[in-house]
Q: 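Please find one structure pasted underneath; my questions will follow.
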Amino acid sequence: MPLFFRKKKPSDDARKRLEYQMCLAKEAGADDILDISKCELSEVPYGAFATCKVLQKKVLIIHTNNLTSLVPKSCSLLSLITLKVLDLHDNQLVSLPADIGQLTSLQVLNLERNLLKCLPQSIGDLAQLQTLNVKGNKLKELPATVSGLRSLRALDVSENLLQELPRVLAHVRTLETLTLDASSMTYPSPDVCSAGTESIQQFLCRECGIPYYPPSHYLLPTLESDGGGTSVDGVDRAAHKYLEEESEWQNKFLDYEKRKEKKMQEKLEFERRLNMGQREHALLVQQVNSQKDEILQTVREDQLRLEEGLTKHQRYLEEERLKLLQQLKQAEQGIAGRIQKLLEDNQRQKQSADILKSLENESLAEMDQKFQQILAWQQLDQNKAVSQILQEIEMQKAAFEALQVKKDLMHRQIRNQIKLIETELLQLTQLELKRQELDTETLQGVITEQRQALGYLLQQLLKEKRQREEELQQILLEMEAKSETKQENYWLIQYQRLLNQKPLSLKLQEEGLEGQLVNLLMELSAERYLPVFAHHRVSLQALSTMTARDLEKIGVTEAGLQRAILKRAQEILAVAKTIPELLRTVDAEVPAAPEPSAPLEEPPSPAVPTAPPLRWDEKKSECVVCMEQEVRPQPTRGAGAGGGVRAESSTSPVCGLVILKISRFS
């Protein structure tokens, strides 16, 4: 037999039966019976003891369980003191509590089919016990205290290891039925035991030396004599005594019959109540089973609906996933197409770069030739202006270098390609993050290859950008060497040449502007906006109807310049209404825009940038671009042939334009 074992957990049906029986016993108007049989119990629950104690139950039925002991550690046997019937058959009890004698009201004790090896000595204290059933146990002897069972009527000790009966059993005068295995008995002998209960009791009485009386003699107490009587003669006294005895026996018999009838009625009432309880129990079990079937059916229907809804939801999620994957695939195809197009454009631009480089070399040669012409032309009539401007060669060189980088077409194309590649890399990064959120790995290799291709392309463009900047710097160095050897106003001429290099379409549009509008912009030092007005085909009449917001939309962002242009346009139109010939005269006098270069046969007149006259006594200067911010002066000086030249360079904090102020000092 193992020393340790795991308690078997009751089944759901057994647990539900226990809960139902406990609730039934606690209901108002319930009978005195607590039936927790067939509940697969390994010990009596505490609630059963509490229920018996509080509700004073008289019948406790715990048969057909797995009990090994009657009283748990946390309970007391005194809680069952009101019991009259205790049914414990078909369990695994190995012993009874030592204080079982405290159940003084107990009348029926059924211990059939257990594992009892002995009975406690206190069992003799059960003075009201009428039925004791210990059939099917492992008893080898009965305790001598059984003689105290003064009300015992039925005793069943069959199917045990019992071979001898205690002699004191003769003192149990009320014993009517004694059941045992006569063939295995040694004392009394099998012959005596086979003769029946009365024969056994007579044998035990003889062994104890006491007279035997049948059990019916002890059902009623013996009537006591009154102790006195009148003196009569012997015949009357004998007749009177005989009549008294006969009357006494008749009274005893009648009383016995009444008690027997009463016991029979109690038994019938008990059986009726027991049958009624069983029927109610069966009805409740049937109701519980029907409710259980209904609940199971409802649960099955709910489960089917839940599974159907879950299937629909999963199908919907799968459709959404497929749609999202399709969208991702389309996005990847679009990105792949754009990348391919970008690679093709880059290839074409590489080819065009070579062409541009060759054209640039030709242009440089042409510029050198034109430079010689412009030099000869300026030496004729602008020697004085050249001597003043030559003092700021380094400033002119810096302005030319910035303008050259800004005007350089190849450099601008490389920057645009870099921005486009950075945009595509950002889109690829967003796509990869979106893929990581969806936990998909489809076409991940394609995205990696595309990212590597874009990264390689970006590196190549950055390298080409640096090379182009180095080439421009080399061109500047070569031009600087030429300027040192041939002429002194080289940088000013190159700067003016870059300014004059406008697209042919803009030149044609500027030539189509009204002369009065051109003069207006030149008066306000806004000739840089001539291409803007020409591109949008703005006339003087249209300008008079525009607002500052309209000018901002076409590109004129300075608030002061906007107000000045609108005010000047209204003034011109107001004058034109009174003198219409003024507009026509001005239009006829406006010269055409100067060409960027002159023919080789005769040198053109120098194209000198126009600007408002400088006022040297003013302490503040204003940027001609932003019109709002005060510039920061940076004075410099240079020595000339006839004295000194003071140059003051001012930088606008908004637009970054450099403004030169030049004055001569002696």
Q: Strictly below 4.0 Å, N to O, side chains only: are Glu319 and Arg315 in salt-bridge contact?
A: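 Arg315 and Glu319: not salt-bridged.
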Q: Is there a side-chain contact between Leu77 and Leu103 (heavy atoms, below 4.5 Å)?
A: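 Leu77 reaches Leu103 side chain to side chain.
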Q: Please step through side-chain contact (heavy atoms from CB on, under 4.5 Å) for the pair Leu132 and Val108, ending with a clear verdict.
A: CA-CA 6 Å; Leu132 177 59; Val108 178; over 6 Å; no
Q: For the pair Thr68 (side chain) and Gln92 (backbone), establish whether a donor and an acceptor sit closer than 3.5 Å, ignoring hydrogens and angles.
A: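 No; judged by distance alone, with no hydrogens or angles, the pair does not exist.
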Q: Output yes when Glu269 and Arg272 qualify as a salt bridge under the 4.0 Å nitrogen-oxygen rule, no when they do not.
A: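 Result for this pair is yes, salt bridge flagged.
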Q: To check you understand the geometry: which heavy-atom pair defines the closest contact between Lys38 and Arg17, and what is its length?
A: O-CD, 3.6 Å
Q: Take Asn346 and Leu461, measure what side-chain contact (heavy atoms from CB on, under 4.5 Å) needs, and give me the verdict at the end.
A: CA-CA 9 Å; Asn346 183 58; Leu461 290 175; 3.4 Å; yes
Q: Side chains of Leu458 and Leu425, heavy atoms from C-beta outward: is any pair under 4.5 Å?
A: yes
Q: Let me see the working for Ser147 and Arg167 under side chain to side chain donor-acceptor pair (under 3.5 Å), right down to the final yes or no.
A: CA-CA 9 Å; Ser147 60; Arg167 292 182 181 181; over 6 Å; no
Q: Between Met22 and Ile36, what is the shortest heavy-atom contact and its length?
A: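 Distance-wise, the nearest heavy atoms are SD-CG2, 4.1 Å.
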Q: Would you find a donor on one side and an acceptor on the other, under 3.5 Å apart, between the side chain of Thr186 and the backbone of Glu164?
A: no
Q: Quick one: do Lys117 and Lys140 satisfy side-chain contact (heavy atoms from CB on, under 4.5 Å)? Show the steps, please.
A: CA-CA 7 Å; Lys117 295 182 179 180; Lys140 295 182 180 180; over 6 Å; no
Q: May I ask you to test the Lys292-Leu296 pair for a side-chain heavy-atom distance under 4.5 Å?
A: yes
Q: How far apart are the closest heavy atoms of Ile100 and Pro120, and which atoms are they?
A: CG2-CG, 3.5 Å
Q: Charged N to carboxylate O under 4.0 angstrom, Lys262 versus Asp255?
A: no
Q: Between the side chains of Gln303 and Arg300, is a donor N or O closer than 3.5 angstrom to an acceptor N or O?
A: no
Q: To the closest 0.5 Å, what do you measure between OG (Ser11) and NZ (Lys16)?
A: 9.5 Å
Q: Answer yes when Lys57 and Asp32 have at least one side-chain N-carboxylate O distance shorter than 4.0 Å, and no when they do not.
A: no
Q: Heavy atoms, side chains only, cut-off 4.5 Å: are Lys58 and Cys52 in contact?
A: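 Sidechains of Cys52 and Lys58: no contact.
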Q: Not counting sequence neighbours, which residues clear side-chain contact (heavy atoms from CB on, under 4.5 Å) with Leu283? List them please.
A: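 Scan of Leu283 (side-chain contact (heavy atoms from CB on, under 4.5 Å), adjacent residues dropped) gives Gln286, Gln287.
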Q: Under a 3.5 Å cutoff, is there a donor and acceptor pairing between the side chains of Asp35 and Ser37?
A: yes
Q: Is a side-chain donor or acceptor of Ser122 paired with a backbone partner of Ala98 at a separation under 3.5 angstrom?
A: yes
Q: Can you tell me if Asn137 uses its side chain to pair, donor with acceptor, with the backbone of Asn114 under 3.5 Å?
A: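 Yes, Asn137 side chain to Asn114 backbone: donor-acceptor pair under 3.5 Å.
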Q: Any non-hydrogen side-chain atom of Val172 less than 4.5 Å from a side-chain atom of Val146?
A: no
Q: Give, for atom CE of Met185 and atom CG of Asp191, the distance between the pair rounded to the nearest 0.5 Å.
A: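 The CE atom of Met185 sits 12.5 Å away from the CG atom of Asp191.
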Q: Could you check whether any side-chain heavy atom of Glu40 comes within less than 4.5 Å of a side-chain heavy atom of Thr64, counting everything from C-beta outward?
A: no
Q: Is the side chain of Ser199 donor-acceptor paired with the backbone N or O of Gly196 at a distance under 3.5 Å, no angle test?
A: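 Not at all, since once roles are kept as given, no pair shorter than 3.5 Å links the two residues.
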Q: Does Asp99 use its side chain to pair, donor to acceptor, with the backbone of Gly101 at less than 3.5 Å?
A: no
Q: Once ring pair (Phe, Tyr, Trp, His ring centres under 6.0 Å) is applied, what residue pairs with a partner in residues 31-60 remain, sequence neighbours excluded?
A: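 For residues 31-60: none.
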Q: Using only atom types and a distance under 3.5 Å, with no angle test, would you say the side chain of Thr174 pairs donor to acceptor with the backbone of Arg150?
A: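 Yes; at least one donor-acceptor contact below 3.5 Å.
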Q: What are the two closest non-hydrogen atoms of Gln21 and Leu34, and how far apart are they?
A: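 Shortest heavy-atom separation between Gln21 and Leu34 comes out as O-CD1, 4.2 Å.
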Q: Using ring-ring contact (aromatic ring centres under 6.0 Å, His included) as the criterion, list what pairs up with Tyr187, not counting sequence neighbours.
A: Phe203
Q: Might you work through the side chain to side chain donor-acceptor pair (under 3.5 Å) test for His63 and Glu112, ending with a clear yes or no?
A: CA-CA 9 Å; His63 66 77; Glu112 184 179 352; over 6 Å; no
Q: How far does CG of Asp125 sit from OG1 of Thr104, to the nearest 0.5 angstrom?
A: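 Reported to 0.5 Å precision, the distance equals 9.5 Å.
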Q: I'd like to know if the side chain of Asn65 and the backbone of Leu41 have a donor-acceptor N/O pair within less than 3.5 Å.
A: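 Checked: pair present.
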Q: State, to 0.1 Å, how close Asp90 and Arg113 come at their nearest heavy-atom pair, and which atoms those are.
A: OD1-NE, 2.5 Å
Q: At what distance, to the nearest 0.5 angstrom, does CD1 of Ile418 lie from CD of Gln459?
A: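 Atom-to-atom, Ile418:CD1 and Gln459:CD are 11.5 Å apart.
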Q: Under a 4.5 Å cut-off applied to non-hydrogen side-chain atoms, are Thr177 and Thr179 in contact?
A: yes
Q: Passes side-chain contact (heavy atoms from CB on, under 4.5 Å), Leu175 versus Gln201? Steps please.
A: CA-CA 9 Å; Leu175 187 60; Gln201 286 294 88; 4.2 Å; yes
Q: Of the non-hydrogen atoms in Leu180 and Cys193, which two are nearest, and what is the gap between them?
A: CD1-CB, 3.8 Å
Q: Roughly how far, to the nearest 0.5 Å, is OG of Ser151 from CZ of Arg173?
A: 14.5 Å
Q: Taking the side chain as every heavy atom from C-beta outward, state whether Arg338 and Gln427 have any atom pair closer than 4.5 Å.
A: yes
Q: Quick one: CG on Asn110 to CG on Asp87, what's the gap to the nearest 0.5 Å?
A: 4.5 Å
Q: Do Asn160 side-chain atoms and Leu139 backbone N/O form a donor-acceptor pair below 3.5 Å?
A: yes
Q: Check each of Glu320, Gln314, Lys312, Glu318 against Tyr316 using the side chain to side chain contact (heavy atoms under 4.5 Å, CB included) test, and report the only one that passes.
A: Glu320
